[in-house]
There are 2 protein chains.
Amino acid sequence: MLSIGTLAKRTGTKVQTVRYYEQIGLMPEPGRTDGGQRRYGAAELDRLAFIRHSRDLGFPLEAIRELLDLSDSPEKSCAQIDAVAQRQLKAVEARIARLQSLKAELQRMISECHSDRVADCRILEVLRDHEECLSDHKGPDL
Amino acid sequence: MLSIGTLAKRTGTKVQTVRYYEQIGLMPEPGRTDGGQRRYGAAELDRLAFIRHSRDLGFPLEAIRELLDLSDSPEKSCAQIDAVAQRQLKAVEARIARLQSLKAELQRMISECHSDRVADCRILEVLRDHEECLSDHKGPDL
DNA sequence: GCTTGAACCTACAGTTGCTGTAGCTTCTAT
DNA sequence: ATAGAAGCTACAGCAACTGTAGGTTCAAGC
């Protein structure tokens, strides 16, 4: 049996994060010692490792919840799992595209600034007026 | 003089967001009508446009605060402004690198899944075990 | 001048995914 | 037996907004 600290260390998680996952129902309520401390087994270790790895790959917690639910029905088709992964891939690709357009714009404004005084700094000029930009580079979240 | 709604519309901001910027001191407290409604002039319009455009380029609010402060000293050197932009560029590049490694991993696990049953879905297998991955793809925030 | 409805006001809760703190209790090693 | 590390709960805070409730004001049309 593992303490919460050991479980956290083994999975590269913080103790509070483990408790947070329990609070939002992503991790089950574990057994407790007589004194009230949490004790975990191998199944919980695996589940937490799954959660962490999915987070590292950028899956939102709600998607991870879906994946965990789906993996409880081993005989079903894995089409839904595929769909969740595809959705995540699309999200990642969209973010990359957005960031690349930001990168180009930032590089351009930095390279264009040959001034030395704030008064005619190209960076500020570009930030003041979106018309100075080549692309639209707007979007929801980064 | 512009109402908050007009100001928001002209800059592509939400009314609440404008009030939020005021609350955190990024926008100044504007004049008010006798009835207590906010009224804005051209300077505030420009300032908000600057903030929005900077946000669209991914600058955090604290960086924008720096830029606005710096632009109040037109005779100073623009080295600090350059530094803020460079910092943002580095942050964007780091994010792109991270996301590209996630993208590769996601593509790989999706393409490897030829199964039809959840029980032997490659996606779940990879998520269960980080050793299945090619790269480390870990990092702070996306 | 009056009415109506859109737009405004404040204040606060909720979002995502944690992280940090305070004040206390329990466990484990010596 | 005791000390200190690690655990417990509960709550506040981060970024950067967004949404809601319950009330007030503004501006246009008659």
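Letters go in sequence order (proteins before strands), and every chain restarts at 1. All values reported here derive from a predicted model rather than from experimental measurement.
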>> My understanding is that only residues two or more places apart in sequence, or in another chain, count here; which of them pass side chain to side chain donor-acceptor pair (under 3.5 Å) with B:Y40?
In response: none

>> So, using side-chain contact (heavy atoms from CB on, under 4.5 Å) as the criterion, who are the partners of A:R47 when residues are at least two apart?
In response: A:M27, A:P28, A:I51, A:L68

> Residues in side-chain contact (heavy atoms from CB on, under 4.5 Å) with B:V15, at least two apart?
Replying inline: B:I4, B:A8, B:R19

>> List the residues meeting salt bridge (charged side-chain N to carboxylate O under 4.0 Å, His left out) with B:R122, not counting sequence neighbours, and say none if there are none.
In response: B:E112, B:E125, B:E132

>> Just to verify, what does B:D69 make a side chain to side chain donor-acceptor pair (under 3.5 Å) with, not counting sequence neighbours?
In response: none

> Between which nucleotides of DNA chain C, read 5' to 3', does contact with chain B run, using atoms under 4.0 Å from its heavy atoms?
Replying inline: C:dC8 to C:dT10

>> Short of 4.0 Å, heavy atom to strand atom, which residues of residues 90-104 of chain A count as contacting DNA chain D?
In response: none

> Looking at residues at least two apart in the chain, or sitting in another chain, which of them share a salt bridge (charged side-chain N to carboxylate O under 4.0 Å, His left out) with B:R38?
Replying inline: B:E22

> Mapping A:T17 and A:D34 onto DNA chain C by nearest heavy atom, which one lands closer to the 5' end?
Replying inline: A:T17

> Looking at residues at least two apart in the chain, or sitting in another chain, which of them share a side chain to side chain donor-acceptor pair (under 3.5 Å) with B:D120?
Replying inline: B:S115, B:R117

> What string of B, S and - do you get for nucleotides 2-16 of chain D 5' to 3' if you count protein non-hydrogen atoms under 4.0 Å?
Replying inline: -----SSB------B

> Under the salt bridge (charged side-chain N to carboxylate O under 4.0 Å, His left out) test, which residues partner B:K9, sequence neighbours left out?
Replying inline: none

>> Can a side-chain donor-acceptor contact be found between A:Y21 and A:R55 if the only test is distance below 3.5 angstrom?
In response: no

> Who passes salt bridge (charged side-chain N to carboxylate O under 4.0 Å, His left out) against B:R65, sequence neighbours left out?
Replying inline: B:E62

